[in-house]
Amino acid sequence: MSLIVDEHRQYLADPHRLAAFERAITATVKPGDVVIDLGAGTGILGLFACRAGAARVYAIDDGSIIGLARELCRANGYSDRVVFVKGLSSRIALPEKADVAVSDQIGRFGFEAGVWEYFTDVRARLLTPQASTVPRRVELWMSAVEAPALFEQVEFWSTRPAGFDVSPARVLAVNTGYPARLDEEQLLAEPALLASLDLAEPEPPSIGAAAELTVERAGTLHGLGGWFRAELAPGIYMSNAPGDASRIDRRNVFLPLDRATPVAPGDRIRVRLRILPSEVMLRWHVTIETAAGDGKAVFSHSTAAGMLLALEDLARTRPDYVPRLSPWGLARRTLLTLCDGRRPLAEIESELCRRHPELFASPAAAAGFVAEVVTRYA
Ligand SMILES: C[S@@+](CC[C@H](N)C(=O)[O-])C[C@H]1O[C@@H](n2cnc3c(N)ncnc32)[C@H](O)[C@@H]1O
């Protein structure tokens, strides 16, 4: 079985997630509505919409899972109501406007899986002006975290594996957000609401947020923990928050600090966050003070500083760089030209291999390359 199918099994095996979406979709979709299931996966959210009385569901997914979604739909007797569209939501057009869009593109920290960006596009092009979205709002929450085991992912780079100095990697490690399942016992402070994203508003290029956390117990601060709470429909919520009784099976994010810092009850942790949602970029600035106001530590981190950038790739971003196609680029250009609406696949593979013998020894050797380009662009 493909690992993609197993990933979707995990989505379907999460009773809290399914219950929240079913309640929200039942509360939102009215009989006769047209619904967009954005990032349909197995099509489960569209099936909920059918059950709620939708006249038509457009199930959109850019992955091959859409084939399985079609079969599951047939197995449940809704084939006459669901139209399957394989493609990126931002690149497709539909024959009618929809009344509701549903999606679970909510990242671990709420913003980073694209829900806001996709809904902004869908709202502008594919929804009626009064349409609803599920979710309608996403909140970003944060707390201070004691997590020695997670912090080892940073500290590893100060050790000497096989006797070698690997410390140049530490700066990357400490500027990275790590997926992690945080428990309530690891939190050092009452969680704070950082931002509430109204999905009816267009996505802004950047979001600033600030919070002050007060330490409640003595411990060691290793970093910040982030999670979300989504309002799927008025009064119906879904969250991956540590300690939430209906917590869904989605990890949180751990944002480390450069140095593990002992903290005491009453210490204040001031957090400033800058998020660039469409670039999935995050900056966290943290100031720690005692209850009396004495400074303890200041940290500044950014996922931009955690990116692996090769000098060769950086050079390619300079405005004066003159690009020239590589042999694989030339082959792709040939292939795109050969897809002229007349040639069958077998002829394209033979011709590609004739024109680029240095890359493809036989038409069979070209088949994988052709399939990859054709499924994406043709
Ligand atoms: C988290 S899964 C959710 C699947 C399903 N909606 C559910 O609730 O179980 C996300 C799915 O969305 C698809 N996807 C993500 N972004 C997309 C986009 N912009 N357009 C189309 N499909 C997208 C992925 O291929 C994946 O199958």
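Every number for a ligand or one of its atoms is a count from 1 in the order of the listing. Basis for what follows: all heavy atoms, side chains included, without hydrogens, waters or symmetry-related copies. Just so we're clear, the structure is a prediction, and the values are computed from it rather than from any experiment.
- Separation of the Phe151 and Trp157 ring centroids does not fall under the 6.0 Å cut-off.
- By the 30° and 60° cut-offs, the orientation of the rings of His8 relative to Tyr11 is perpendicular.
- Only side-chain heavy atoms of Leu45 come within less than 4.0 Å of ligand 1; its backbone N, CA, C and O stay farther off.
- Neither the backbone nor the side chain of Phe21 has a heavy atom within less than 4.0 Å of ligand 1.
- Aromatic rings from Phe360 and Phe369 are positioned such that their centres are separated by under 6.0 Å.
- In this structure, atom 23 (C) of ligand 1 lies nearest to the protein heavy atom Asp62 OD1, 3.5 Å.
- If you check which protein heavy atom lies closest to atom 5 (C) of ligand 1, you get Ala40 O, 3.2 Å.
- Applying the 4.0 Å criterion to heavy atoms of Ile44 picks out, from ligand 1, the atoms 7 (C), 8 (O), 9 (O).
- Looking from atom 6 (N) of ligand 1 to the surrounding protein, the closest heavy atom is Gly39 O, 2.8 Å.
- Closest to atom 20 (N) of ligand 1 among all protein heavy atoms lies Ser89 N, 2.9 Å.
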Notebook entry, point to check: What do the steps show when you test Val115 against Phe228 for side chain to side chain contact (heavy atoms under 4.5 Å, CB included), and what is the final call?
Noted result: CA-CA 13 Å; Val115 68; Phe228 74 85; over 6 Å; no
Item checked: side chain to side chain contact (heavy atoms under 4.5 Å, CB included) assessment of His285 paired with Arg270 -> CA-CA 8 Å; His285 183 86; Arg270 290 201 182 84; over 6 Å; no
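- Listed by number with element, the atoms of ligand 1 under 4.0 angstrom from any heavy atom of Arg17 are 7 (C), 8 (O), 9 (O).
- Listed by number with element, the atoms of ligand 1 under 4.0 angstrom from any heavy atom of Gly41 are 4 (C), 27 (O).
- Annotation: atom 10 (C) of ligand 1 to nearest protein heavy atom, Gln105 OE1, 2.7 Å.
- Residue contacts with ligand 1 for Ala113 are absent, since no atom lies close enough (heavy atoms, distance under 4.0 Å).
- Here the heavy atom of the protein found nearest to atom 2 (S) of ligand 1 is Tyr11 CE1, 3.6 Å.
- Salt bridge present: Glu351 and Arg355 bring a charged side-chain N and a carboxylate O closer than 4.0 Å.
- Using a cutoff of 4.0 Å between basic side-chain nitrogens and carboxylate oxygens, Arg74 and Glu71 are not scored as salt-bridged.
- Annotation: side chain of Leu199 is not in contact with side chain of Arg136 (no heavy-atom distance under 4.5 Å).
- At the shortest separation from atom 27 (O) of ligand 1 among protein heavy atoms lies Asp61 OD2, 2.7 Å.
- For ligand 1, the atoms closer than 4.0 angstrom to any heavy atom of Gly87 are 20 (N), 21 (C).
- The shortest heavy-atom distance from Gly114 to ligand 1 is not under 4.0 Å.
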Margin query: Between Glu372 and Arg332, does the salt bridge (Lys or Arg N to Asp or Glu O under 4.0 Å) criterion hold? Intermediate values first, please.
Written below: CA-CA 10 Å; Glu372 185 218 316; Arg332 179 168 291 222; 3.1 Å; yes
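- Classification of Glu139 and Arg137 as a salt-bridged pair holds, one side-chain N sitting under 4.0 Å from a carboxylate O.
- Heavy-atom proximity to Ile65, at under 4.0 Å, picks out these atoms of ligand 1: 27 (O).
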